[in-house]
J.: 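Quick one: the structure is below, and I'll ask about it shortly.
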Amino acid sequence: MRYKIAVLPGDGIGPEIIPQAVKVLKTVGKKYGVQFEFKEGLVGGAAIDVYGTALPEETLKLCEESQAVLLGAVGGPKWDSLPPAQRPETAALLALRKGLGLYANIRPAYLFSALVDSCPLKKEVVEGTDLLILRELTGGLYFGEKKRQRTDTGEVAWDTLIYTSEEIERILRLGFELARARRKKLTSVDKANVLITSRLWRETAERLAQEYPDVELEHMYVDNCAMQLIRNPRQFDVLVMENTFGDILSDLASVLSGSIGMLPSASIGGQTALYEPIHGSAPDIAGQNKANPLATILSAAMMLRISFKMEQAARDIENAVNKVLEQGYRTADIFREGTTLVGTEEMGELVRQAVEEG
Ligand code: IPM
Ligand code: MG
C-alpha cells in the first residue's frame, strides 16, 4: 500500500510537533509494510511570509491530491494585526476546512489513567473520562455573513448564525452513527430556549432518533453542558453540536484529558480528511522544545484508523502513548513532581520507540 500525506506544520510550535508525528508514522509504515509519502506545504503565517496569502493555491492542491492531511497549528502575534479575513486562523484554517468539505470534526477527550493527577479536577470526578465531541465545522457563526459598518452614532457589526436542515442532518446522523459504535448515548447540545437555529437542530435530532432506536438521545442546553462536563464527565459518550459551541466546549473538555496538549482531532466529510491537534500555535513556548507532541501523535493515530483503516496500527500508537506516560515521562504541561520532564523531541522519540517495540 502507498499513501500520500500532506504535511502542513504551520506556525509557532507546529514545526516542532509535526516531525514527532511524522517519525511515528514512518515507524508504523515500516512495521506494517505500508509506504507513506510525506509532502510538505506552507500554511498560515508561514505561507503569508512567503506567498502573501495564508492558504496558497499550491497547498490546497497538495491537500486535494493527498489521501490525508496532517496539520500543526496556525497563527501568531506577527499576523494578529492583519484584517480578520486575512489572518491565518480564518484565511488558512477555516478556508482549508471549507475547501476540503470537512463538515465534521471529531474531538475525543480521553483521560489516560497515568494523567489523573495532571488534571486540575478531582480524581473521583475525572477518572474514566472517555467522551467524544462532534463539532459541526463548516457552518454556523464562523461562516455566516459578517459585516461591520459605520452608523451616525458609531459602528455596528454582526456575524450570522445560520444553518440549513441538510447541514444539521448530516452532522447529527454522524453523531448517531458514532454513538452506535460506542456506548450508544448521544447528547445533542443546543440553546433551543433562545436560538431558532437550535430549534431546527432539536427537531431534526428528534426526527432522526426514530431511525436509531438503539441510541439514547438526550438534549442539553450548552450552558448546562459546560457545567455538566466538569461536574460529571462520565455521564457523556458522544456530544454533537454546532461549530461555535464545539469550539468552546472542546477546549473545556481538554482539561478532562489532563492538558490541551493531549487532545487530537479528525476533520472528515470530504475526500481528504484532515488531522490536527486541537490546540493552537502556542507562540509563547515556540522554538523551545517544550511543546507536548502527544495531541499531534494521537491525531496521526486517528488518521490511521479513519483514513487508512489501520485499526491495529492506531492502537499501537495509543498503547505506546499510554506506556510512555505510565513510565512517568512528561512534557512541561503535564509535569508533576516525581515524574520525568522531557522535551518535545524526546517525547516523540519515546513514543516512536514504544511503537517499534510494541
Ligand atoms: C480550533 C481553533 C480554530 C477554530 C481557530 C484557530 C480558528 O480554535 O480548531 O478549535 O476556532 O476552529
Ligand atoms: Mg478552538
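Ligands are counted one by one from 1 in listed order, and the atoms in each one are counted from 1 as well.
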J.: Can you list the steps and then say if L100 with E64 is a side-chain contact (heavy atoms from CB on, under 4.5 Å)?
T.: CA-CA 7 Å; L100 294 175; E64 284 166 348; 3.9 Å; yes
J.: Classify the ring geometry between Y163 and W201 as parallel (under 30°), tilted (30 to 60°) or perpendicular (over 60°).
T.: perpendicular
J.: Relative to each other, are the rings of F38 and F36 parallel, tilted or perpendicular (30° and 60° limits)?
T.: tilted
J.: Heavy-atom distances under 4.0 Å are what count here, so tell me which part of R97 touches ligand 1: side chain, backbone, both or neither.
T.: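 Side chain only; the backbone of R97 stays clear of ligand 1.
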J.: Assess whether side-chain contact (heavy atoms from CB on, under 4.5 Å) is satisfied between L131 and I133, documenting all intermediate values.
T.: CA-CA 7 Å; L131 57 87; I133 292 191; 4.0 Å; yes
J.: Please write down residue, atom name and distance for the protein heavy atom closest to atom 6 (C) of ligand 1.
T.: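 Going by distance alone, atom 6 (C) of ligand 1 is nearest to E89 CG, 3.6 Å.
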J.: Can R315 and Q312 be counted as having a side-chain donor-acceptor contact under 3.5 angstrom?
T.: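 No - no donor-acceptor pair under 3.5 Å links their side chains.
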J.: Short check: any N/O/S atom of D247 below 2.8 Å from the Mg ion (ligand 2)?
T.: yes
J.: Classify the side-chain pair S259/D333 by whether it contains a donor and acceptor separated by less than 3.5 Å.
T.: yes
J.: What atoms in ligand 1 come closer than 4.0 Å to a heavy atom of Y142?
T.: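 Reading through ligand 1 atom by atom, the close ones are 11 (O).
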J.: Going by heavy atoms, is R107 under 4.0 Å from ligand 1?
T.: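 R107 counts as a contact of ligand 1 under the 4.0 Å cut-off.
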J.: Is there a polar contact, in the sense of an N or O pair closer than 3.5 Å, between R135 and ligand 1?
T.: yes
J.: Measure from atom 8 (O) of ligand 1 to every heavy atom in V74, D251, D247 and give the option owning the shortest one.
T.: D247
